[in-house]
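Taking it in order: structure first as structure tokens, then the write-up.
Remember, it's a predicted structure, so these values are computed and weren't measured experimentally. The sequence lines fix the lettering, A, B, ..., with proteins before strands; numbering per chain opens at 1.
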Amino acid sequence: MQYELKHEVYVNLKSIWLFYIVFWYLEINMLDSLKNSWKATVIKAVNKLYGLNETDINMTNPPKSEMGDIAFPLFPFSKSARKAPQIIASEVMNEILSSEHPEGEMNTAGAYLNVALNIHSIYLPLLEKVRTEGFLYGRGESLKGKKIMLEFSCPNTNKPLHLGHMRNDSLGEAVSRILKANGAEVMKVNLINNRGVHICKSMLAYKVFSNGETPSSTGEKGDHFVGRYYVKFASWQKEMEEKAEKLRNEGHSQEADEIMKNSPEVQAQAMLRAWEEGDEETIKLWKLMNEWTLDGLYESYENMGISFDRYYYESETYKYGKAEILKGLEDGVFFRAEDGSVQIDLKEIGLDKKVLLRKDGTTIYITQDVGTAIRRHEDWPFDRLIYVVASEQQYHFKALFYILKKLGYSWADELYHLSYGMVNLPEGKMKSREGTVVDADDLLESLSALAKEEIISKDRESAVGDVDSVARKIALAALNYYLLQVSPTKDMIFDPKKSISFNGNTGPYLEYMGARISSILRKAETISALKDAEIKPDLLASDDEKSLIKLVSQYPSVVKEAGDEYDPSVIAAYIYEVAKTFSHYYHDNQVADASNIPLSAARLSLVEMILTVMKNAFELLGIPFLESM
RNA sequence: GUCCUAGUAGCUCAGUGGAUAGAGCGACCGCCUCCUAAGCGGUAGGUCGGAGGUUCAACUCCUCUCUGGGACACCA
């Protein structure tokens with residue numbers, strides 16, 4: 001009696017817990033709520049049958065949809081129950097059948113207990129939710145109240161953006177949107193690298209070779225204009241080196257030394273010193289050329305759909321940090337080396353010693369980053385700061401985070417390096433010296449041209465409206481999707497000739513599906529009987545329809561996962577799955593059909609939800625939505 | 001040398017420890033009387049780099065090893 005009472009209480013507690021779980025998941029994902037109630041049911045049955053005390057059980061997806069929607073592999077209980085897993089499966093099924101259980105049909109297949117959910121039971125609430133939330137559908141609150149700062153792009157002001165930057169920009173922008181979609185308050189920051197000897201190189205070349213031409217006099221985009229002089233500098237330097245080499249070979253080593261003593265490199269160094277000393281003429285030229293480049297970069301950002309909430313400029317931030325290091329020195333966090341430089345020993349995290357201040361007291365890269373991080377936290381007290389920077393810099397960030405931690409900033413634990421892989425060409429790394437760098441503007445331009453050709457060849461000019469604008473949006477979709485579908489951490493290979501296609505698993509394919517759905521909905525508008533028709537979920541009984549319902553209901557969890565992982569590719573894979581399934585479905589199923597209103601109404605409601613999900617996912621990935629293409 | 005990363009179809013990439021490893025491209029074969037053929041269907045194509053180990057179960061985790069990429073500046 002006493003035991004039974006206890007058992008009763010236990011079960012009650014459990015169902016309260018269960019209710020809580022169900023309620024929680026209802027908020028995120030209606031399908032998961034059903035799944036989790038099944039999970040709890042199976043756990044309960046297993047515990048009762050074999051006197052166990054399991055709190056969790058493995059739940060997976062069956063390999064084929066006709067086998068059901070969820071699968072419970074029951075191998076693990078074989079040992080404790082001392083029974084073959086196949087027998088356990090049928091015993092568990094019978095046990096569940098003997099009492100109350102969630103809606104759904106069970107079957108066993110070997111050691112697996114499979115459940116086909118009654119997907120229609122969630123349909124109307126799901127439809128209601130998607131309709132009410134609209135463009136907010138999929139948004140969650142897992143990061144509510146969190147202030148997240150995201151640093152990305154960080155271009156140099158001596159050349160235009162290339163494909164590598166585009167991956168960075170695409171990723172940074174997408175992740176920031178995904179974090180926002182999970183409820184975070186996001187601050188996108190860009191650190192402009194407008195200072196240093198590399199900047200002086202383009203300035204010097206301009207000074208020597210320009211004859212006073214400007215972007216407006218040549219009609220060039222500012223960043224390309226400046227970039228041209230950066231390239232010019234490199235060839236100039238090379239020319240001088242070759243000249244010196246030749247002289248040396250001819251026995252004129254003195255003349256050779258003379259040339260190298262005043263080589264472009266040396267002159268650029270001198271220019272940097274002039275800049276740092278505040279030389280008026282140098283600063284004036286620097287400002288002018290910076291402006292040209294930035295105008296160009298801003299234009300590229302706009303074309304790519306990238307924006308920032310705040311800009312930091314290295315010409316300012318390079319001053320931050322020195323005081324922090326000196327304070328750290330006083331506090332004994334750092335030490336002064338024999339030569340007078342300030343250093344830190346990073347052996348605690350398996351790294352070498354690192355210099356933080358040169359012996360002459362000047363700062364280096366990492367010193368600036370220390371100062372900038374501190375400054376940023378003062379500017380906007382973030383809960384997390386994510387640096388979107390290529391994987392090459394893992395060492396740097398490991399050291400940086402450690403240093404900040406050592407300086408006593410507790411928020412150092414919340415710094416995160418979102419390290420992404422390189423974009424390589426089939427023949428290897430992009431090298432500016434070999435002219436193999438894929439320019440961002442050029443790439444967008446040529447993709448737009450290809451898209452335009454496609455539109456014209458399909459005779460869709462009148463249907464799409466503004467051909468150039470649509471072509472541009474198709475190009476953007478191709479590029480963003482291409483860059484985001486790959487897991488961020490991985491290196492990727494970009495083949496300019498083959499990789500960007502408009503067919504298959506691509507951005508334009510997704511846009512096309514969106515356009516086709518829009519087209520269906522336009523047609524449905526003309527069938528007035530559809531407007532007030534009752535929606536009967538049971539009519540959506542095909543495999544594709546069930547898959548699509550499941551997919552729609554899963555969207556919020558996908559957004560959450562992408563947010564947890566900082567990984568837009570999760571959304572890319574998901575939305576491709578949606579598009580593909582839909583594409584297969586509507587190929588052989590008429591949606592807007594005046595001759596069968598009930599079926600048509602049900603299908604339309606499903607298609608309407610798919611469209612909402614697509615639009616919302618597109619938004620997160622930077623894929624423009626097109627009504628028609 | 002040390003550390004980090006990756007290795008899955010010809011190519012580019014997916015793949016929460018669970019059933020027969022998936023897409024796209026490329027190749028080959030079909031499909032426009034129907035809401036856009038930037039589409040749909042089909043065929044061919046795999047010792048998941050290799051060897052051990054853990055596990056009822058390994059592409060997935062661990063160790064070793066081979067190969068590629070990256071890092072290990074008083075450059076940024």
query = With a 4.5 Å heavy-atom cut-off, do A:I192 and A:T157 have their side chains touching?
reply = yes

key: Nearest-neighbour nucleotide for the A:E454 side chain, B:rC75, B:rG39, B:rA38 considered   = B:rA38

ask   = Mind checking what makes ring pair (Phe, Tyr, Trp, His ring centres under 6.0 Å) contact with A:F502, not counting sequence neighbours?
value = none

key: Donor on one side chain, acceptor on other, A:Q554 and A:S557, under 3.5 Å   = no

query = Does A:Y365 put a side-chain nitrogen or oxygen below 4.0 Å from OP1 or OP2 of B:rA76?
reply = no

For A:D567, side-chain hydrogen bond (donor to acceptor under 3.5 Å, both in side chains) partners two or more places apart = A:S569

ask   = Taking A:N190 for the side chain and A:Y311 for the main chain, is one N or O donor matched with an acceptor at less than 3.5 Å?
value = no

message = Students often get this wrong, so: under 4.0 angstrom with heavy atoms, is A:Y509 touching a base, only sugar-phosphate, or nothing?
response = sugar-phosphate

remark   = When rounded to the nearest 0.5 Å, the distance separating NZ of A:K550 from CG of A:L31 is 6.5 Å

request  = Name the residue closer to the 5' end of RNA chain B, choosing between A:N156 and A:I493 according to the nucleotide with the nearest heavy atom.
outcome  = A:I493

request  = Mark yes or no for whether A:Q485, through its side chain, and A:A572, through its backbone, hold a donor-acceptor pair below 3.5 Å.
outcome  = no

query = When you measure from the side chain of A:E392, which nucleotide among B:rA71, B:rA76, B:rG18 comes out closest?
reply = B:rA71

message = Determine whether a donor-acceptor pair (N or O, by modelled atom type, separation under 3.5 Å) exists between the side chain of A:R522 and the backbone of A:E627.
response = yes

Mutual orientation of the aromatic rings belonging to A:F397 and A:H417 [parallel < 30°, tilted 30-60°, perpendicular > 60°] = tilted

key: Closest heavy-atom pair and its distance - A:F618, A:I575   = CE1-CG1, 4.2 Å

key: Near-strand residues of residues 586-603 of chain A, defined as heavy-atom separation under 4.0 angstrom from RNA chain B   = A:Y586, A:H587, A:N589, A:Q590, A:V591, A:A592

ask   = Rounded to whole angstroms, how far apart are CE on A:M513 and P on B:rG39?
value = 7 Å

key: A:Y318 ring center near A:Y313 ring center (under 6.0 Å)   = no

ask   = When we call it a touch if two heavy atoms are under 4.0 Å apart, what does A:P62 touch: a base, just sugar-phosphate, or nothing?
value = base

Any residue meeting ring pair (Phe, Tyr, Trp, His ring centres under 6.0 Å) with A:F152, in chain and number order, not counting sequence neighbours = A:F308

Contacts under 3.5 Å, N or O only, protein and nucleotides 54-61 of chain B:
residue, atom, partner, partner atom, Å
B:rC56, OP1, A:K79, NZ, 2.9

ask   = Between A:S487 and B:rA14, is there a side-chain N or O to OP1/OP2 distance below 4.0 Å?
value = yes

request  = Establish, yes or no, whether a centroid distance under 6.0 Å links the rings of A:Y50 and A:F77.
outcome  = no

Pick out the pairs of N or O atoms, protein on one side and nucleotides 20-26 of chain B on the other, that lie under 3.5 Å.
residue, atom, partner, partner atom, Å
B:rA23, O2', A:Y576, OH, 3.2
B:rG24, OP1, A:K580, NZ, 3.2
B:rG24, O2', A:N505, N, 3.3

query = With sugar-phosphate meaning primed atoms plus P, OP1 and OP2, does A:A111 contact a base, only sugar-phosphate, or nothing at under 4.0 Å between heavy atoms?
reply = nothing

inquiry  = Taking 4.0 Å as the cut-off, does a side-chain nitrogen or oxygen of A:H396 come that near to OP1 or OP2 on B:rA71?
reply    = no

Pairwise 5' ranking along RNA chain B for A:S628 and A:N193, keeping only the more 5' one = A:S628

ask   = Does A:R375 have any side chain to side chain contact (heavy atoms under 4.5 Å, CB included) partners at least two apart in sequence or in another chain, and if so, which?
value = A:Y320, A:E378, A:D379

note = With syn meaning chi within 90° of zero and anything else anti, the base of B:rC32 is syn

Test side-chain hydrogen bond (donor to acceptor under 3.5 Å, both in side chains) applied to A:K322 - qualifying residues, sequence neighbours left out = none

key: A:R472/A:D468 salt bridge by N-O under 4.0 Å criterion   = no

Give me, pair by pair, the N or O atoms of the protein and of nucleotides 66-69 of chain B that are less than 3.5 Å apart, along with how far apart they are.
residue, atom, partner, partner atom, Å
B:rG69, O2', A:D491, OD2, 3.4

ask   = Dot-bracket for RNA chain B, 5' to 3', counting Watson-Crick or G-U wobble pairs under 3.5 Å, with [ ] for crossing pairs and | for inter-strand pairs?
value = (((((((..((((....[...)))).(((((.......))))).....(((((..]....))))))))))))....

task = Have a look at A:I455 and say if it touches a base, only the backbone sugar-phosphate, or nothing, with a 4.0 Å heavy-atom cut-off.
result = base

message = Looking only at the aromatic ring of each residue, does the gap between the centers of A:H587 and A:H584 stay below 6.0 angstrom?
response = no

inquiry  = For a quick test of reading the model: is some side-chain N or O of A:S391 closer than 4.0 Å to OP1 or OP2 of B:rG70?
reply    = no

message = List the residues meeting side-chain hydrogen bond (donor to acceptor under 3.5 Å, both in side chains) with A:Y481, not counting sequence neighbours, and say none if there are none.
response = A:N505

Restricting to nitrogen or oxygen on both sides, can you table the protein-nucleotides 7-9 of chain B pairs closer than 3.5 Å?
residue, atom, partner, partner atom, Å
B:rG7, OP1, A:K490, NZ, 3.2

key: Distance-minimising heavy-atom pair for A:I493 and A:L425   = CG2-C, 4.1 Å

request  = Select base, sugar-phosphate, or nothing to describe what A:N194 touches, counting heavy atoms under 4.0 Å on all strands.
outcome  = nothing

ask   = Can you check the A:I520 CD1 to B:rG39 P distance for me, whole Å?
value = 16 Å

